[in-house]
Trainee: 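This is the structure I have questions about; it appears just below.
Any value given below was found using the heavy atoms of this structure, including those in side chains, with hydrogens, waters and symmetry copies removed. Indexing begins at 1, ligand by ligand and atom by atom, following the structure's order.
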Amino acid sequence: MKGFRQMENKQSKDSSKLNKDELIVITGAGGFIAGALTRYFHDRGFARIRAIDKKPLPDWYQRVPGVESLPMDLSEEENAIRAVEGAVEVYNLAADMGGMGFIERFRVECLRSILINTHMIEAAYRAGVGRYFFSSSACAYNTLLQQDPNVRALKESDAYPAMAERGYGWEKLMSEMFCQEYWAEKGLETHIARFHNVYGPIGTWYGGREKAPAALCRKVIEANDTGKHEIEIWGDGSQTRSFMYIDDCVQGIDKIMHCDSLVATPINLGSSELVSINELVSLVEEIAGVKLERKYDLSAPRGVAGRNSDNTFIKQVLNWEPNTPLREGLAKTYAWIEQQYADRKAGKRTVTDHI
Ligand code: NAD
């Protein structure tokens, strides 16, 4: 395959030995994770990065200097073809997504993201791309295994027999299968990570697509600001999850993409530090230095009862796992959202204003 592969040190388990003048393409780059990934590769010296998102440029969460930034809708075939032109690596993270409130309500939008991967992977194959990354999700796992808050952590084989999260999870599972079959039938090298809840600064924090950590930080900040010392929690707060800090996520993507034993092999990328939503609220309260009265909205979307990442496989192949303590990542996230909140109140533009 391509010169890119030949220049690579086979021992390398991340991008450090790659030729930094080759073009890499990152989709969904106007959003949270792909925005951080663009910044990560830029900071590691990659000189040619093409970042793509369907949002108009002023609405991107971050714009990285020196990066070719293109607003394009990748569910259109001709845009996908244009997107991958000349690329040696493609990181496809574009998807219509959000927290539980969004994915339970907008299943059609979630399912339609299949168009993005379908066009992107075919375009990448035709363009002779060296490696293709797909961001899957823990929502691809069988929901029947997640009906108890004291869950057994999910291991990679638990996706089948399939009973994924309706809409969003099935789209991820189907797109994973595209990645596996493009490798098996056509020889396109694909890498697939199943992300478990990612959180951190420069992500969605209000507007309806935000996830639990950002939403709870915002609610605590709001309660502090208004003096109304109560917090609304979706469900009864007993649901359990693990949360991965953004820095671990981008580092994990790099490692997974450049691991030769992870071709067409879905792998968990998540923290294994399990907490209940009630415990998450307590952590945020501790960071903020307040104690709030809890009101539980039992009719709100709550997702599965429990979900955790079994990291046996990632530790075995990469000798690494996401390891930022939740308390530490949450403190950074809280500080960032507090600033966004203050900026918004002062009439300044904040990252999710367009939503
Ligand atoms: P995000 O919403 O912040 O970013 C996704 C970006 O994709 C958005 O900016 C959106 O505008 C863009 N996009 C949507 N449709 C597009 C299209 N047709 N063409 C071009 N761009 C389009 O979400 P995120 O949290 O950064 O998620 C990135 C990826 O990781 C997604 O594939 C998501 O499903 C996956 N994932 C995220 C989490 C998480 O906890 N955040 C968990 C599991 C999986």
Trainee: Quick one: salt bridge (charged side-chain N to carboxylate O under 4.0 Å, His left out) partners of Arg302, sequence neighbours excluded?
Mentor: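 Residues passing salt bridge (charged side-chain N to carboxylate O under 4.0 Å, His left out) with Arg302: Asp236.
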
Trainee: Measure the spacing between CZ of Arg82 and CG of Leu70 and express it to the nearest 0.5 Å.
Mentor: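 Interatomic distance, Arg82 CZ to Leu70 CG, rounded to 0.5 Å: 5.5 Å.
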
Trainee: Residues around ligand 1, heavy atom under 4.0 Å from any ligand atom, sorted by chain and number. Can you pull those?
Mentor: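 Ligand 1 pocket, heavy atoms under 4.0 Å: Gly28, Gly30, Gly31, Phe32, Ile33, Asp53, Lys54, Lys55, Met72, Asp73, Leu74, Ser75, Leu93, Ala94, Ala95, Asp96, Met97, Ile116, Ser135, Ser136, Ser137, Tyr168, Lys172, Phe195, Asn197, Val198, Lys211.
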
Trainee: Output all residues satisfying side-chain contact (heavy atoms from CB on, under 4.5 Å) with Glu338, sequence neighbours left out; order by chain, then residue number.
Mentor: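 Per chain and number, Glu338 pairs via side-chain contact (heavy atoms from CB on, under 4.5 Å) with Ile221, Tyr334.
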
Trainee: Can you see which heavy atom on Tyr61 is nearest to which on Thr204, and at what distance?
Mentor: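 Shortest heavy-atom contact: OH-OG1, 2.7 Å.
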
Trainee: I'd like to know if Asp310 and Arg152 make a salt bridge, using a cut-off of under 4.0 Å between side-chain N and carboxylate O.
Mentor: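 No salt bridge links Asp310 with Arg152.
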
Trainee: Excluding sequence neighbours, so at least two apart, what forms ring-ring contact (aromatic ring centres under 6.0 Å, His included) with Phe102?
Mentor: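 Result, ring-ring contact (aromatic ring centres under 6.0 Å, His included) vs Phe102: Phe106.
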
